[in-house]
Number of protein chains: 2
Amino acid sequence: MEMKKDIRNHVKLLDVAKASGFAVSTVSIVLNDAPLSQHVAASTRKHIREVALSLGYHPDAFARSLRRNRSRMIGVITYDLSDPFCISIIHGIEDHLQSQGYLPQFMDARSQRSLFETHLRMALERRAEGIIVIASWVFDENSILEDIKKNHVPVVVVGRDMTARNISSVLVDNDAGGYLALQHLHQLGHRKVAVILGPEEMFDSQPRWEGIQRYAGETKLRLNPSLICQLPSQVNPYSAYDNGITLTEALLAKGKDFSAILAFDDLTALGVIRGLNQSGLSVPGDCSVIGFDDVFPAAVSLPSLTTIRQSMLQIGETAAKCVMEALKAKEDRKDAPVQIHTFPPTLIARESTAINCDKPRPKSARTKP
Amino acid sequence: MEMKKDIRNHVKLLDVAKASGFAVSTVSIVLNDAPLSQHVAASTRKHIREVALSLGYHPDAFARSLRRNRSRMIGVITYDLSDPFCISIIHGIEDHLQSQGYLPQFMDARSQRSLFETHLRMALERRAEGIIVIASWVFDENSILEDIKKNHVPVVVVGRDMTARNISSVLVDNDAGGYLALQHLHQLGHRKVAVILGPEEMFDSQPRWEGIQRYAGETKLRLNPSLICQLPSQVNPYSAYDNGITLTEALLAKGKDFSAILAFDDLTALGVIRGLNQSGLSVPGDCSVIGFDDVFPAAVSLPSLTTIRQSMLQIGETAAKCVMEALKAKEDRKDAPVQIHTFPPTLIARESTAINCDKPRPKSARTKP
DNA sequence: GAACTTTATTCAATCGTTTCAATTAGGCAA
DNA sequence: TTGCCTAATTGAAACGATTGAATAAAGTTC
C-alpha cells in the first residue's frame, strides 16, 4: 500500500533529497539559507534549489514550528466579523503584524459565546504566540483565560477595559465620545435631546452614557427621562438598524418633544433616520441625528451621518504593538506590564445634524444639508 | 539554562505524565478517549484528567497534525475582507465547514496581488487540506497554483469561472443578473438608461454587461453609447462610491438624457444617488437607480436601493461543500470531477426605482417611494 | 502449577524539519 | 608516509503527540 503516500502526502524534504542525490540535512540547510550554507558548493546549492522548485516543494509549517518552537502567529478572535467596526481594527492589526513578520490568524465567534471559547482554545492549541480578542460584549470565559495564563501566552483585549483582570486593553474613550456627541448637539442649539442607549450586555453602553450625563451635568442641561430609551440585546450587529426604527416610532408615538436624537451607534442612527422619514419628518430639518463609530454606511447615507469616529485602524495597530511588546518582554524573561491605551474619539460633523430651528411647536422649518 | 523551558514552553503531555505518575502514552490514550482507553482503569482515567485540567494542558495542534497527517483545516483566501460581499460568503463557508469538523483559516489579500500569492503559499505550507479562493479580479498566479496541484490540494474558486483551468468554481450568474436589472428598468417604462460598467480587471464586469446587452437585444431597446461609462480600476472596494459620484457628474454634465442609471454594483449605485442629489435631482423621482449585490448599506440607505441579490451565503456554502467533496474523493482515491455551480440572482425591488414619468423634458414629476 | 487469557500500562517508532556534531575527501606541509 | 587543515557533506537527536506492538501482573482453566 505505498500508493497511499503518493496521494495523501505532500512533497517533503526527503523527496527533494532523493531527487537531488544529497542528504536531507544538506537540502534543509540550502533551502533555508542557513549559516552553514556558505560551506555548501555553489553548484550544489543551485542544483538543490532547482530540484525543489521543479517538485513544487513547500516546507511543512507544522513540522517547522514544532522544531523551531515558534509559530510566528498571533490569534485574533473577533466577536463578529460582519461588523464593519471589526474589520477596520483587523486591518490595523494586519498592518503591524505583517511588518513584524507575524501572521494574524482570524477566528470569528459570530456573536456566539460557545464559539468564542472554542476559538480561544484553538488559538492556544495552535500555539499562537499571542492572542488579541476583539470583544464588544462582556465576556467571562474564566477557565480558558486561566489556561492561557498558565501557558504564558500574552493576551490583549480590544474594546473594553480588562486591566482589572490583569489583561492589557486597548479601547476608545467612550466617555469622551458620549460627551462630544451631546456637546455637538447642544452647541447647535438643541435642548431637548432624545437618547438611545446601547444594550445592557455591551460594554460600550455604560461609559458612553456616563459621558453624556457628564456633559449634561456641566451645562445644566436636563435630560428628560421619558426621552431616554435603550436598545434590547442584539443577535447580530445589524439588528441595531431595525431596533433604531422601532425605538424611534415609540418615541414619536409619545408626541415629538425633541429636536435631536443621540443614537448609541451608527447603525442605530441610520434606523432612526429611516424611522423619522417614515413619519414624514426630515433629517436634519425636523430633527438632528448623531451616531457613533463612523462605519462605512454612515458616510454614504443620505443625509450623511454626523458621528463620533473611533480611529479603529490605530486601535488595531496599538493592540498588535501591545502583544508584540509582551512577547519581547517574555523573551527577555521580564514581566510585561499590564497596559491600557484609550484613544480620544473625534467628532465628524456631516449632514444629519443642523442648527435647531424649533419653535415651541416643531415640524415646520427646514434646513438644506 | 533550564528556566528557559519554564517560560517559553507550553504545558505538554510529558508534564501531565510526570505530574500524574503515568507514562506519556497512557496519558495520551486517556485524553483522546482512544480505543485503548477502555483498558485503562477508571481511577487512572479520572486522575489523569484531573491533573491535565489543573495544569491547563492543551494538546499541541502542530505535533498532532504532524503525526496524524491531517490538519482539519481549509484555507480561505479573500481578495478583500472589508468588502461586505466577502463577509457573507465567508459566513456560508464557516457554516458548512463547522458542521464537518473543519476549521476555515482566513487570509486577507487586501486587494494586493503580492499578498495573494504569499497567502496561497502559506495555506500550502500550513497544510490546509483544501483551499477556497474568493477572487473578484482576474488572477494568474500560475506557479503557485501549479505547486498546489503537485501537492494534490483541492482548490475551489468563488466568483469566477476557472473550469477552463481545471478548477471547480462557484459563482453567481452575472449574465442573468445584468439581464434582470435592465428588464426591471424597462418594465418600469425606462427607455433611456445610462449604464456604469465595472472596471476592466474585475471578472464580473463583462458577463453583467453581456446580460444587459442580451436583454436590450431581445427587446430592441437601444442603449445610447454616450450613456455607457466604465468604472476605473479600484484600489479598494469602497472607492466605487466616489467613482459613482464622479461618473454621475460626468453624465449629467452632458445634459441629462436618461431616466434611469444601471450601476455595476451597490456601492457605485449609492455614489450615483449621492451624485444625482448633489445636482438637485431626486431618486427615484427624477431618476431611477439600480445596483447589484445587495450588500448591507443598500438596504439601509435612503431611498433604499433596488438591486440584484446574490445569495452569498449559499455560494459560500456550496464552495465549502465542493472542497469537502473533493477531499472525500481524494481519500477514496478517486478523481474529483471539476464542477461549476452558478446561482441565479434575484431582483430586490426597493425604493430607488420607480415608474418612469418622464415627459420630453424631465426634472418634473415626483413619485413617493 | 503450567498454559492461557484478560486487564492495565508502557515502549518505541513515527510524522517532517532543523541543527549541532561528526564524517569524509582532498590538499599540503613536514 | 603520517598528520593536519579546510571545505563539503551527512548522521542523528531533538520538537510533542499518536499508536501498534510489547510487557507485566493478575485471573482463569485444565
> Rounded to whole angstrom units, what separation is found between the NE2 atom of A:H39 and the C1' atom of D:dT10?
Replying inline: 14 Å
>> Test: ring pair (Phe, Tyr, Trp, His ring centres under 6.0 Å). Region: residues 17-51 of chain A. Which pairs qualify, not counting sequence neighbours?
In response: none
Residues 27-37 of chain A, side-chain donor-acceptor partners within the protein, below 3.5 Å, at least two apart:
residue	atom	partner	partner atom	Å
A:S28	OG	A:N32	ND2	3.4
A:N32	OD1	A:R64	NH2	3.1
A:N32	ND2	A:S28	O	2.9
A:D33	OD1	A:R49	NH2	3.1
A:S37	OG	A:A34	O	2.8

> Where the side chain of B:L13 is concerned, which of C:dG16, D:dT18, D:dT10 is the nearest nucleotide?
Replying inline: D:dT18
> Would you call A:H119 and A:M122 a side-chain contact if the rule is heavy atoms closer than 4.5 Å?
Replying inline: yes
> Rounding to a whole Å, what distance do you find between B:K18:NZ and D:dG16:C1'?
Replying inline: 13 Å
> Is B:E317 reaching over with its side chain to a backbone N or O of B:G92, donor-acceptor style, under 3.5 angstrom?
Replying inline: no
>> Tell me which pairs pass ring pair (Phe, Tyr, Trp, His ring centres under 6.0 Å) where either residue lies in residues 86-108 of chain A, with sequence neighbours left out.
In response: none
>> Less than 4.0 angstrom between a side-chain N/O of A:T26 and OP1 or OP2 of D:dT10, yes or no?
In response: yes
> Nearest nucleotide by nearest heavy atom, which residue falls closer to the 5' end of DNA chain D, B:S25 or A:I29?
Replying inline: A:I29
> In residues 41-64 of chain B, which ones come under 4.0 Å of DNA chain C, going by heavy atoms?
Replying inline: B:A41, B:T44
>> Output the rounded distance in Å from CG (A:L124) to P (D:dA17).
In response: 12 Å
>> Can you tell me which nucleotide in D:dT10, D:dG16, C:dT17 comes closest to the side chain of A:R67?
In response: C:dT17
>> According to side chain to side chain donor-acceptor pair (under 3.5 Å), who are the partners of A:D332, at least two apart in sequence or on a separate chain?
In response: none
>> If the cut-off is 4.0 Å, is B:R68 near the phosphate of D:dT18, judged by side-chain N/O to OP1 or OP2?
In response: yes
> For the pair made of CG in B:L36 and P in C:dA8, what is the distance, rounded to whole Å?
Replying inline: 12 Å
>> Tell me whether the side-chain N/O atoms of A:S28 come closer than 4.0 Å to OP1 or OP2 in C:dT18.
In response: yes
> Within this structure, what is the CG-to-P distance between B:D15 and D:dG16, rounded to whole angstrom?
Replying inline: 9 Å
>> Does D:dT18 have OP1 or OP2 under 4.0 Å away from a side-chain N or O of B:N32?
In response: yes
> Between A:E125 (CD) and D:dA17 (P), how many Å, whole number?
Replying inline: 10 Å
> Atom CG of A:L31 to atom C1' of C:dT17: distance rounded to whole Å?
Replying inline: 11 Å
>> The criterion is side chain to side chain donor-acceptor pair (under 3.5 Å); which residues satisfy it with B:H341, sequence neighbours excluded?
In response: B:Q339
> Over how many whole Å does the gap from A:D33 atom CG to C:dT19 atom P extend?
Replying inline: 13 Å
> Out of D:dG16, C:dT17, C:dC11, which nucleotide sits closest to the side chain of A:N69?
Replying inline: D:dG16
